[in-house]
Protein chains: 2
Amino acid sequence: MTVKPAPTENLLTPSEVATLFRVDPKTVTRWAKSGKLSSIRTLGGHRRYLESEVRELLTGVPQQRSE
Amino acid sequence: MTVKPAPTENLLTPSEVATLFRVDPKTVTRWAKSGKLSSIRTLGGHRRYLESEVRELLTGVPQQRSE
DNA sequence: AGCGAATGGGGTAATTAGGGTC
DNA sequence: TCTGTCCTAATTACCCCATTCG
């Protein structure tokens with residue numbers, strides 16, 4: 001099949017974001033609930049986070065998105 | 001009234017959908033089984049998914065079809 | 001016909017959501 | 001105000017192997 005040039009944003013799991021920030025996954029959830037961090041939801045309700053946004057918050061430097 | 005000439009909808013494989021949601025392909029299968037996601041079946045029983053539906057579920061915004 | 005990769009089944013661990021509390 | 005922890009239920013991830021896809 002043809003592999004399209006995925007206009008896809010890389011997503012991170014809650015635990016991955018938590019590891020990057022050295023906090024508890026629950027804290028990451030609180031950030032999402034309070035609107036400090038945007039999130040995508042799986043069909044089961046689990047959250048996924050935009051890697052570019054997380055990187056930017058970590059470094060303070062705007063990251064390049066793949067879209 | 002606009003008459004839509006049924007176009008050939010782009011189909012995605014389980015692994016492609018899984019990549020978009022950052023989940024395991026098996027999880028996508030469970031979504032299909034539970035009716036959260038509609039699916040087409042190949043003659044061998046493998047599932048294929050509507051790209052427009054997947055993208056809409058991802059972003060929450062209805063996507064424009066190529067028709 | 002053969003081959004590598006992906007998928008569908010099942011089962012069982014590991015994460016996550018949500019609320020509440022400290 | 002912010003964070004870590006405890007608890008239960010739900011969701012997801014990883015393991016096997018047979019079958020299908022390209």
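None of these values were measured; they are calculated from a predicted model.
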**Complete:** Base-pair string, DNA chain C, Watson-Crick plus G-U, cut-off 3.5 Å on both distances, | for inter-strand, is ..|||||||||||||||||...
Without decimals, in angstroms, what is the distance between [X] [atom1] and [N] [atom2]?
X: B:Glu16; N: D:dG22; atom1: CD; atom2: P; answer: 11 Å
X: A:Lys33; N: D:dT3; atom1: NZ; atom2: P; answer: 14 Å
X: B:Leu37; N: C:dG8; atom1: CG; atom2: C1'; answer: 16 Å
X: B:Arg41; N: D:dT20; atom1: CZ; atom2: P; answer: 12 Å
X: B:Leu11; N: C:dT7; atom1: CG; atom2: P; answer: 13 Å

**Asked** Listed by chain and number, what are the side-chain hydrogen bond (donor to acceptor under 3.5 Å, both in side chains) partners of A:Arg48, not counting sequence neighbours?
**Response** none
**Item:** Base-contact (B) and sugar-phosphate-only (S) positions in nucleotides 4-17 of chain D, heavy-atom cut-off under 4.0 Å, - elsewhere
**Value:** BB-----BBBS---
**Request:** Give a yes or no on whether A:Leu11 and B:Val54 share a hydrophobic cluster (residues Ile, Leu, Val, Met, Phe, Trp, Tyr; joining criterion: side-chain heavy atoms under 4.5 Å apart).
**Result:** yes
**Request:** Report yes if at least one side-chain N or O of B:Thr29 is closer than 4.0 Å to OP1 or OP2 of C:dG8; otherwise report no.
**Result:** yes
**Message:** Which residues pass the side-chain contact (heavy atoms from CB on, under 4.5 Å) test with A:Glu51, not counting sequence neighbours?
**Reply:** A:Glu9, A:Asn10, A:Leu12, A:Arg55
**Request:** Compare all side-chain heavy atoms of B:Leu58 with those of B:Phe21 and state whether any distance is below 4.5 angstrom.
**Result:** yes
**Message:** Nearest 0.5 Å, please: how far is CD in B:Glu56 from CG in B:Leu50?
**Reply:** 11.0 Å
**Asked** Nearest 0.5 Å, what's the OG1-OH distance between A:Thr29 and A:Tyr49?
**Response** 4.5 Å
**Request:** Not counting sequence neighbours, which residues clear salt bridge (Lys or Arg N to Asp or Glu O under 4.0 Å) with B:Arg47? List them please.
**Result:** none
Pairs under 3.5 angstrom only: tabulate donor-acceptor contacts from the side chains of residues 31-43 of chain A to other protein residues two or more places apart or in another chain.
unit_1: A:Ser34; atom_1: OG; unit_2: A:Arg30; atom_2: O; d: 3.0
unit_1: A:Ser34; atom_1: OG; unit_2: A:Trp31; atom_2: O; d: 3.1
unit_1: A:Ser38; atom_1: OG; unit_2: A:Glu53; atom_2: OE1; d: 2.3
unit_1: A:Ser38; atom_1: OG; unit_2: A:Glu53; atom_2: OE2; d: 3.3
unit_1: A:Arg41; atom_1: NH1; unit_2: A:Gly45; atom_2: O; d: 2.5
unit_1: A:Thr42; atom_1: OG1; unit_2: A:Gly44; atom_2: N; d: 3.3
unit_1: A:Thr42; atom_1: OG1; unit_2: A:Gly45; atom_2: N; d: 3.3
unit_1: A:Thr42; atom_1: OG1; unit_2: A:His46; atom_2: N; d: 3.0
unit_1: A:Thr42; atom_1: OG1; unit_2: A:His46; atom_2: O; d: 3.4

